[in-house]
Amino acid sequence: MEQERLRAIPAVESLAALAAGQEELQGCPRELLVAAAREETSQLRQRLLAGSQEEVSPPQLALRLLERLRRWRRPGLRRVVNATGIVLHTNLGRAPLGERAAAAVAAVARGYANLEYDLEEGRRGSRYSHVQQRLCRLLGAEDALVVNNNAAAVLLALTALAAGREVVVSRGELVEVGGSFRIPDVMAQSGAQLVEVGATNKTHLRDYTRAISPATALLFKAHTSNYRLVGFVSQPPVEELAVLAHERGLWLLEDLGSGTLLPLGGACHEPTVRQRLEAGVDLVCFSGDKLLGGGQAGILAGRKACLAPLKQHPLLRALRVDKFSLAALEGTLEAYEWGEADDEVPVRRMLLRPETQLGREARELAARLGFLQAAGWLVEAVPLAGQAGGGSLPGVDLPGWGVALTPRGLSCARLERLLRLREVPVLARIQEERLLLDVRCLLAGDAEEVVRALGAVGGEA
Ligand SMILES: *Cc1c(COP(=O)(O)O)cnc(C)c1O
């Protein structure tokens, strides 16, 4: 029987020819059809050899081949609906861009741009000039530089300023950011020698003082952006550390991680980037797509003399920022400069959304999902704690709202999966046998997408 079924599998070429007759596959390159047919028949053969009892039907195989090609055609990277309540979800691409920033990206994407052309002088210019002055004005810095991401910024700064010399860091700040980016490892990669001081919970100014030697290049601080030390803990004030560094003729660098340009209010006591520079830090670096709310980028800002070696370093070319990120950053910074960030930068808007407004939206969404209630589901607007995410504001819960669903006829896990596998995936979380749809991060059109998705999925239950 098995032999018979195996023999009934059509040849790759004839399956491809059969599939090519379908309307949707008119114009599909033959190589693509053949490649899909080869995968289809080889997987069928494997299933049969593994004992599958399915019948071999060429028309059905041709249909499967069509579905396979549809999957191949669909972009792997696509828009999703973030109903997790985590604003800077690293797995979901961190910050969504505002209108101005997205328009700026689209404008340089579709055409040519003066990326490295000085329009005033009519000759070659620098890609770093476009946002440099804006950053200096916004941050109160002497100079600024933008690279591919903040990990690149840290690597470039340490390499250019401290390779072959010593860098003093508190044991309380030997951060791992994720994706194997650890301060000690980056330090090793840069060629700088890490000198750890203090204890995990406490580091004193005298610990830094004792560690300074003729080989010291700089003092380094890393913002503990994805965890918090609480209890019997202390670090010397950054102002005192700056005085110490400058007395000894050293630079003080700080990796701020998130780096916010404006205060966040509420329970968040993140210092702003400007405050860090005013406190005496010579060079700060931070991400463009965390609390700032722009595209992926690493921003370095501070003293001109401190940035000069970075601008000269050959590594800069390998870590350089592209035109899309620059456009996204410039559009975002413009909103900050004109005092419009809280309305226009989605990350700011989402972080600052008043609880009453979120409650109203959750109740509206619950009402629109009334058809599920009619099918026996439990649908309820509930208070939920959102998070900044992306390794920002650890331990800070953002009071918010969402809709809790208790499905009927299917499990929560299955519901979550069905929503996740849609053409426009809806990502939610499960807690205590309920599916939670947090409304904080829903963008224009997302609520409709959620209703549509649950209409389809609820119908399948
Ligand atoms: C997030 C983070 C980084 C890495 O930034 P990317 O922009 O993701 O490269 C580095 N240091 C700290 C402290 C961070 O929080």
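All of these numbers come straight from a predicted model, not from anything done at the bench. Numbering of ligands and ligand atoms starts at 1, following listing order.
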Would you check whether [X] reaches within less than 4.0 Å of ligand 1, judged by its heavy atoms?
| X | value |
| --- | --- |
| V154 | no |
| Q296 | no |
| V175 | no |

SB check [X] [Y] (cutoff 4.0 Å):
| X | Y | value |
| --- | --- | --- |
| R123 | E121 | yes |
| K304 | E142 | no |
| R452 | E449 | yes |
| R79 | D446 | yes |

Near [X], which atoms of ligand 1 are under 4.0 Å from a heavy atom of that residue?
| X | result |
| --- | --- |
| S287 | 5 (O), 6 (P), 7 (O) |
| H223 | 13 (C) |
| F181 | 10 (C) |
| G257 | 12 (C), 13 (C), 14 (C), 15 (O) |
| R94 | 6 (P), 7 (O), 8 (O) |

Can you name the closest pair of heavy atoms from S258 and K290 and give their distance?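 Here S258 and K290 meet closest at OG-CD, 3.6 Å.
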
Write out the residue and atom name of the closest protein heavy atom to [atom], then the distance separating them to 0.1 Å.
| atom | result |
| --- | --- |
| atom 11 (N) of ligand 1 | D255 OD2, 2.6 Å |
| atom 15 (O) of ligand 1 | S225 OG, 2.5 Å |
| atom 2 (C) of ligand 1 | K290 NZ, 2.5 Å |

Would you sort out whether R68 and Q43 count as a side chain to side chain donor-acceptor pair (under 3.5 Å), showing the intermediate values? CA-CA 12 Å; R68 181 179 294 271; Q43 285 182 7; 2.9 Å; yes

Per-residue contact class, N150 against ligand 1 - non-hydrogen pairs under 4.0 Å: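 It is both backbone and side chain that touch ligand 1.
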
Taking both backbone and side-chain atoms of A151, is any N or O found less than 3.5 Å from an N or O belonging to ligand 1?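 Yes, at least one N or O pair falls under 3.5 Å.
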
Contact (N/O only, under 3.5 Å) between S258 and ligand 1: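 For ligand 1, there is no N or O atom that lies under 3.5 Å from one belonging to S258.
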
State, yes or no, whether a side-chain contact exists between R420 and L427 at a heavy-atom distance under 4.5 Å.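 Yes; the side chains approach each other to less than 4.5 Å.
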
Hey, does Q235 have a side-chain heavy atom less than 4.5 Å from the side chain of S170?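 Counting from C-beta outward, S170 and Q235 do come under 4.5 Å.
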
Hey, does the Lys NZ or Arg CZ of K311 hover above the aromatic six-ring of Y128, less than 6.0 Å from the centre and inside 45° of the axis?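 Output no; distance or angle outside limits.
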
